[in-house]
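Reading through the structure tokens given below for one structure.
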Amino acid sequence: MKKILVLFHDAGGGHRNAAVALQAMAKAQKRDWDVELVQFQELTDRLDVLRKVTGIQIQEQYNIILRNGWTWGSEYLLKVLQLTIRIFHGPLVKLLEKFWRQRPAEMLISVIPHFNREIAESWERVYPGRPFVTVITDLADFPPRFWIEPVKEQSVIAGTEKAVEQARTFGKEDAHVFGVSGMVLRPEFYAESAVDPAAVKRELGLREDLPTAMVLFGGFGSKVIYEITEKLDAARLPVQLILICGKNEKLAARLNAKKWNIGTSVIGFTKEVHKLMRAADFLIGKPGPGSIAEAMQRGLPVLVECNSWTLPQERYNAEWVTEKRVGVVLKSFEDVVGGVEQMLEPARLAEFKKNVAAQINRAIFEIMGILETLLAGQNTGSRAEQGRDVVRVA
């Protein structure tokens, strides 16, 4: 068995989802790999400077910001974080070196941003020549030094043409850049399903004959979900809502406590989003790369916003939605009623769904082939098509 370590953290839910997807697909394809997931926050906790000052872990500070919508000016907070990482570069590298020696492996994979320079340097010192791969879980990088680092030891797997182009612009050689057809999704999003959408609606207490929107703001929810529901409820549009609150129990309780004019189904933390999406016609949410990719896989157009409150690394995602014509981008969810009215126009919704269907994402399968090639020491180049040439479909 070849040992592979996958580094993730829980700032948002997308990084853990990507790590779990890689582990699950390796198991489903019966590969001779022992894929171990490593929680980066726990690994580096004693160097968490912001926690020493505030008493709160870096990843939890990020999740608090998301839950409360305190995202304006987040690019400045990002600069503070990146400066802190650079200041503690040496101690962090030494800490990681010690861990790698305790956990020998043939390959290291990172699905997190910000720390890839430290990860690459420490890994190369302990296991020179063994592959280190960063799987970008955003539709594009947010330079400088967000995902892609100016170190030759880092190979990059990117899910869009934009991210591949960025990697090359930042000096990555072709042998270290691999393009795939989308974001990493858990295997269940590809599984054939006989689930009847009408049956799911009945389970949720919703009507079978009404258009249905899923409102999703990541695994930690957001108070914006309540505000959106209020606006749509006041407008009494012919639509019903599946409200995914994630781990935000306070939000779920608040939504359940009010009697709404429109149909609503309030869902807490769930691993069944792939199933619940069967009952939806479109998705309302922030332009997160994971939720957009999941919506595309489930055939759902998206209604998102993009403005100065949007996380800087997610602003390109809104451009992508507009470019691919797979949904509506608002300047603010203050205009959510108008956005939903556009989604409810039959001709426009049909056009969006046609464009969504054209987005073919086989990234998780392609990545398995790329990793196999790297493990075999055959890292001979990339191009967006190369990963597909070595796909082994389960």
Please report the closest heavy-atom contact between [X] and [Y], naming both atoms and the distance.
{"X": "Gly288", "Y": "Asn317", "value": "C-ND2, 3.9 Å"}
{"X": "Tyr316", "Y": "Glu323", "value": "OH-OE1, 4.2 Å"}
{"X": "Met1", "Y": "Glu106", "value": "O-OE1, 4.5 Å"}
{"X": "Pro289", "Y": "Met183", "value": "O-CG, 4.0 Å"}
{"X": "Pro287", "Y": "Ala318", "value": "CB-N, 4.3 Å"}
{"X": "Lys201", "Y": "Thr212", "value": "CE-OG1, 3.3 Å"}

So, the side chain of Gln23 versus the backbone of Ala19: is there a donor-acceptor pair under 3.5 Å, distance only?
-> no

Ser181 side chain to Arg362 main-chain N or O, any donor-acceptor pair under 3.5 Å?
-> yes

In the structure I gave you, are the side-chain heavy atoms of [X] and [Y] within less than 4.5 Å of one another anywhere?
{"X": "Met343", "Y": "Arg348", "value": "no"}
{"X": "Glu341", "Y": "Leu237", "value": "yes"}
{"X": "Thr264", "Y": "Leu255", "value": "no"}
{"X": "Val326", "Y": "Trp320", "value": "yes"}
{"X": "Val239", "Y": "Asp281", "value": "no"}
{"X": "Leu344", "Y": "Leu349", "value": "no"}
{"X": "Thr310", "Y": "Lys286", "value": "no"}
{"X": "Lys258", "Y": "Glu230", "value": "yes"}

Is it true that [X] and [Y] have ring centroids separated by less than 6.0 Å?
{"X": "Phe282", "Y": "Phe352", "result": "no"}
{"X": "Tyr127", "Y": "Trp123", "result": "yes"}
{"X": "His274", "Y": "Phe189", "result": "yes"}

Is any side-chain N of the basic residue among [X] and [Y] closer than 4.0 Å to the acidic one's carboxylate O?
{"X": "Arg325", "Y": "Glu351", "answer": "yes"}
{"X": "Lys162", "Y": "Asp141", "answer": "no"}
{"X": "Arg86", "Y": "Glu149", "answer": "yes"}
{"X": "Lys275", "Y": "Glu272", "answer": "no"}
{"X": "Arg125", "Y": "Glu97", "answer": "yes"}
{"X": "Arg315", "Y": "Glu319", "answer": "no"}

Give me the ring orientation class for His15 and Trp147: parallel if the planes are under 30° apart, tilted from 30 to 60°, perpendicular past 60°.
-> tilted

Quick one: sort the Phe115 and Phe40 rings into parallel, tilted or perpendicular, breaks at 30° and 60°.
-> tilted

Trace of the side chain to side chain contact (heavy atoms under 4.5 Å, CB included) decision for Arg168 with Asp174 = CA-CA 7 Å; Arg168 289 172 175 155; Asp174 280 354; 3.2 Å; yes

Can you hop from [X] to [Y] via hydrophobic side chains spaced under 4.5 Å?
{"X": "Leu303", "Y": "Leu210", "answer": "no"}
{"X": "Phe269", "Y": "Leu251", "answer": "no"}
{"X": "Val164", "Y": "Val151", "answer": "no"}

Other residues, nucleotides and ligands only: do more than 12 of their heavy atoms fall within 6.0 Å of [atom1] on [X]?
{"X": "Lys27", "atom1": "NZ", "result": "no"}
{"X": "Lys250", "atom1": "NZ", "result": "no"}
{"X": "Glu345", "atom1": "CD", "result": "yes"}
{"X": "Arg130", "atom1": "CZ", "result": "yes"}

Residues 327-339, side-chain donor-acceptor partners within the protein, below 3.5 Å, at least two apart:
{"unit_1": "Ser332", "atom_1": "OG", "unit_2": "Glu334", "atom_2": "N", "d": "3.0"}
{"unit_1": "Glu334", "atom_1": "OE1", "unit_2": "Lys231", "atom_2": "NZ", "d": "3.2"}

Distance-only side-chain donor-acceptor flag, Trp100 / Ser122, under 3.5 Å = yes

For the residue pair Lys172 and Gln166, confirm or rule out a side-chain donor-acceptor distance under 3.5 Å.
-> no

Should Phe99 and Val38 be marked as a side chain to side chain contact (heavy atoms under 4.5 Å, CB included) after you check the CA-CA gap, both sets of side-chain angles, and the distance that decides it?
-> CA-CA 11 Å; Phe99 183 82; Val38 179; 3.9 Å; yes

Side chain to side chain contact (heavy atoms under 4.5 Å, CB included) between Asp138 and Phe146, worked out = CA-CA 10 Å; Asp138 283 311; Phe146 195 93; 3.8 Å; yes

